[in-house]
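Reviewing the structure listed below.
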Amino acid sequence: MNQSLPEVVMPSCPVNKLLEGQKALVTGANSGIGRAVAIGLGHAGADVVVNYVANPEAADAVCQEIERCGSKALAIQADVSNETQVQAMFKLMMETFGTIDVLVNNAGIQRDAPFDELTLKQWQQVIAVNLTGQFLCAREAIREFKRRGVNKAVSCAAGKIICMSSVHEIVPWAGHVNYAASKGGVMLMMKSIAQEVAPYRIRVNSIGPGAIRTPINRPAWETPEAYEKLMELVPYKRIGEPEDIARATVWLASDEADYINGTTLFIDGGMTLYPGFTENG
Ligand code: NAD
């Protein structure tokens, strides 16, 4: 039987409101990991801006699920690689929610090709969304965090940024050079911002997903043959689900993770453990 995308089904509303009273923005929040993260933050008590670039119906469905459990949600269309649109999105968020406490820089794309066939357009598209998009959103968030400072009633940090990176910030990836370069860039951008703004009590971290079942990598899990091949790279022998990332994101954004700054949390079933060495070497 072929694999299919799972529904994000959350039948009951969790009682643990780790992010009560916080305001969050998730980019690319109408699909895959971003969708699950936006719902997870909402269920944890945060009011959430659900950013999307296309398919407003999917963004509205995410908002409805967040509102069902008592948080506010607002869908805002913006291309994260466009400075004017990003600034307009943050302005609308400030007008509606008043401030921002958590930014999840999630939007990302792949445009794959063998290196000698990789076009400048494919290179620039991926760098524009995956790296420049994260820069533009992080800059707006940091401006607001520094302006507002710590509000102890809400969180002991002045703000939290979580960058959705990848195992490919450290694992080279043939045929995906633009993508790996963008995620390697995210790693040092995240660490450098974290170093710069830590004195303001702003925390900046990344999550490095391994293989997660979403539309971005459908060919890697869709057929039983592809799934079996993928499992050669995953010691834990199951694909990750978007909710695996969402649960960790909620925790990393919360005060429970207050002393964590400038690091990448890999959520990959052991993909970064060099599984090729298990019986070889
Ligand atoms: P996805 O394709 O389901 O979601 C990507 C989202 O980004 C979509 O909502 C899309 O509309 C949005 N997006 C694309 N371009 C945009 C733009 N210019 N402005 C605003 N939004 C834009 O894929 P996903 O797997 O959920 O990917 C989410 C993030 O996780 C990406 O950064 C991806 O690199 C990362 N990631 C995914 C995996 C995986 O196995 N699925 C592994 C490692 C990292």
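The first residue in the sequence is number 1, and the count goes up from there. Both counts, for ligands and for their atoms, begin at 1 and track the order of listing.
- Near ligand 1, heavy-atom contacts under 4.0 Å come from Gly28, Asn30, Ser31, Gly32, Ile33, Asn51, Val53, Ala78, Asp79, Val80, Asn106, Ala107, Gly108, Ile109, Val129, Met164, Ser165, Ser166, Tyr179, Lys183, Pro209, Gly210, Ala211, Ile212, Thr214, Pro215, Ile216, Asn217.
- Sorted by first then second residue, the ring pair (Phe, Tyr, Trp, His ring centres under 6.0 Å) pairs that include residues 238-273, not counting sequence neighbours, number zero.
- Defined by atom type and a distance below 3.5 Å, a donor-acceptor pair is missing between the side-chain atoms of Glu169 and Ser206.
- With respect to Lys229 and Glu225, no salt bridge is recorded, no charged nitrogen being found less than 4.0 Å from a carboxylate O.
- Proximity of a side-chain donor or acceptor of Ser254 to a complementary backbone N or O of Leu19 within less than 3.5 Å is not detected.
- Between Asp47 and Lys23 a salt bridge is recorded (basic side-chain N to carboxylate O distance below 4.0 Å).
- Arg201 places no side-chain N or O within 3.5 Å of a backbone atom of Gly149 that could act as its donor or acceptor partner.
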